[in-house]
Asker: 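Here it is, the structure in full.
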Amino acid sequence: MSCELRSGLRSAAAFDRLVLPSANLMGRDVWGVLSIRGAQEEEPPDAQLMRLDNMLLAEGVSGPEKGGGSAAAAAAAAASGGAGADNSAEHSDYRAKLSQIRQIYHTELEKYEQACNEFTTHVMNLLREQSRTRPISPKEIERMVSIIHRKFSSIQMQLKQSTCEAVMILRSRFLDARRKRRNFNKQATEILNEYFYSHLSNPYPSEEAKEELAKKCSITVSQVSNWFGNKRIRYKKNIGKFQEEANMYAARTAVNAASVSAHGSQANSPSTPNSAGGQIYTHVSQPCGNHTLCHST
DNA sequence: TACTATGATTAATT
DNA sequence: AATTAATCATAGTA
C-alpha cells in the first residue's frame, strides 16, 4: 500500500524547482469572455474553492505573514505519524520552500487583482464611450462587471489549486525523510559511539541523556533514538565486526572518564560509566530475579 | 555498477 | 511508549 505511494514519490523526483504553473493564465481569452453568453457555466464549486482556501490557510500560505508557517508544518508532521515531530534542520528547509511558494502565490494573487481592476475600469471606459452612441442600462454594466469578476476569480482558483499542489508535493517530499538521508558528521558519530561503548552493558540512554546527546550532536532526540536502536541491533547481530571499534572507544573513554566525572549538578546519580573493556552487552533484563517467566497476575 | 554503511520507517513485541 | 527486527532508500566506496 505505502509501497505504491512511495514509488510514486520516488519517480516524481523532479521537484527541484517548485515553480507554480506560470501566470500566463492571464493570457487566456479574457477578452473573449465578454462575448460569451453563458458565463454561468463556470462550474461554481464553492465547496472546492473553500477547500482550497482552507488548505492554503492551514499550510500557512495565505495566512498572516509569518508564524503560521511553523505551526502548519508541525501539524503536517504530526498528521503524518509523529516520528519526525521535531526536526529543526529539515524544518527550516521546509519553511524556506514554503515561504517561497507563499511569496509566489501572493505576487500572483496581487497581479490578478490588479489586472482585474484594470480590466474592469477599462471596460467601464468602453461602456461609457458607447453610452454616447447607444443607451446602456446600469443593469448591463453590472452584468459586465460581474462576468469579469467571475472570470478572474476562476483564474484565481486555478492559482490556488496550483499552489495547493505545490504545497502537497513539498510536504510529501519533506515527510519522506529517507529521500535526503545524510550521514551524521564525524563528531556526532564519535559522541554517540562514545556513549554507546561506555555504556555497553546497558546502552539505553534515558530521555535526558538522549536530549543531551542530541544537543551535543546537533541532531534531534528521535535521531538519537534511531541511532541507538540501529546500533544496538547491529552490534548484537555481529559483535565481531564491531570489536575493533569497541576497543578503540573503550580505550578512549577510559582516559576521558578519569578526568571528566560530573559536570552537571543533577540530584540523580550519574550513569556511572562502567568501563566495559570487553564486556558483551547481553540484554540485561532481570525484571523478576528468579522467575524465568514473569506473567503479570 | 555492485556492494556496504547508515539513517529512517514499519510491524511486532513487551 | 519504548524497543526489536526487518526493511527501505540513500550515501559512500571499491
Asker: Please give, in whole Å, the distance from B:dG7 P to A:Arg232 CZ?
Answerer: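 Rounded to the whole Å, the gap is 14 Å.
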
Asker: I'd like to know if the side chain of A:Asn125 pairs up with that of A:Arg128 as donor and acceptor (distance under 3.5 Å, no hydrogens or angles considered).
Answerer: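 There is such a pair (donor and acceptor under 3.5 Å, judged by atom type) between the side chains of A:Asn125 and A:Arg128.
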
Asker: A:Asn226 has an atom CG; how far is it from atom P of C:dT10, in whole Å?
Answerer: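 Answer to the nearest Å: 17 Å.
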
Asker: Distance check: side-chain N/O of A:Lys237 vs OP1/OP2 of C:dT4, anything under 4.0 Å?
Answerer: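 No, because none of the side-chain N or O atoms of A:Lys237 sits under 4.0 Å from OP1 or OP2 of C:dT4.
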
Asker: Rounded to whole Å, please give me the gap between NZ in A:Lys241 and P in B:dT6.
Answerer: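 Answer to the nearest Å: 9 Å.
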
Asker: Ignoring hydrogens and angles, answer whether the base of B:dG7 and the side-chain atoms of A:Arg234 contain a donor-acceptor pair closer than 3.5 Å.
Answerer: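 Under the 3.5 Å cut-off, the side chain and the base do form a donor-acceptor pair.
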
Asker: Is the phosphate of B:dA8, meaning OP1 or OP2, less than 4.0 Å from a side-chain N or O of A:Gln223?
Answerer: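 Yes, A:Gln223 has a side-chain N/O under 4.0 Å of OP1/OP2 on B:dA8.
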
Asker: Nearest to the side chain of A:Glu207, heavy atoms from C-beta on, is which of C:dT4, C:dA2, B:dT6?
Answerer: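 Nearest nucleotide to the side chain: C:dA2.
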
Asker: Could you tell me the separation between the CZ atom of A:Phe228 and the P atom of B:dG7, rounded to a whole number of Å?
Answerer: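 Interatomic distance, CZ of A:Phe228 to P of B:dG7: 12 Å.
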
Asker: C:dA11 C1' sits how many Å from A:Asn185 CG, rounded?
Answerer: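 Those two atoms, CG and C1', are 15 Å apart.
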
Asker: Given C:dA11, B:dT9, C:dA2, which nucleotide is nearest the side-chain atoms of A:Asn230?
Answerer: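 The closest nucleotide is B:dT9.
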
Asker: For a quick check under 3.5 Å, do A:Gln114 and A:Glu110 share a side-chain donor-acceptor pair by atom type?
Answerer: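 Side chains of A:Gln114 and A:Glu110: no pair found under 3.5 Å.
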
Asker: Counting just side-chain N and O atoms, does A:Arg182 come under 4.0 Å of either OP1 or OP2 of C:dA11?
Answerer: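 For A:Arg182, the contact criterion (side-chain N or O under 4.0 Å from OP1 or OP2 of C:dA11) is met.
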
Asker: Cation-pi check, A:Arg232 to A:Phe196: give yes when NZ or CZ is under 6.0 Å from the six-membered ring centre and within 45° of the ring axis, no otherwise.
Answerer: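 No.
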
Asker: Could you state the CD1-P distance from A:Ile233 to B:dA11, rounded to the nearest angstrom?
Answerer: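 Atom-to-atom, A:Ile233 to B:dA11, this comes out as 18 Å.
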
Asker: Taking it one step at a time, do A:Tyr195 and A:Phe228 satisfy ring pair (Phe, Tyr, Trp, His ring centres under 6.0 Å)?
Answerer: CA-CA 10 Å; A:Tyr195 188 99; A:Phe228 274 89; 5.6 Å; yes

Asker: Nearest whole angstrom, please: distance from the P of C:dG12 to the CG of A:Asn183.
Answerer: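 Going from A:Asn183 (CG) to C:dG12 (P), I get 5 Å.
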
Asker: Is any side-chain nitrogen or oxygen of A:Lys231 closer than 4.0 Å to OP1 or OP2 of C:dA5?
Answerer: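 Checking A:Lys231 against C:dA5: no side-chain N or O falls below 4.0 Å of OP1 or OP2.
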
Asker: Tell me, please, which residues at least two apart from A:Glu245 pass salt bridge (Lys or Arg N to Asp or Glu O under 4.0 Å).
Answerer: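 A:Glu245 satisfies salt bridge (Lys or Arg N to Asp or Glu O under 4.0 Å) with A:Lys231 once adjacent residues are dropped.
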
Asker: Round to the nearest Å and state the distance from A:Lys210 atom NZ to C:dA1 atom P.
Answerer: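 Interatomic distance, NZ of A:Lys210 to P of C:dA1: 14 Å.
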
Asker: Taking OP1 and OP2 of C:dA1, is either one under 4.0 Å from a side-chain nitrogen or oxygen of A:Tyr204?
Answerer: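 For C:dA1, OP1/OP2 do not have a side-chain N/O of A:Tyr204 under 4.0 Å.
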
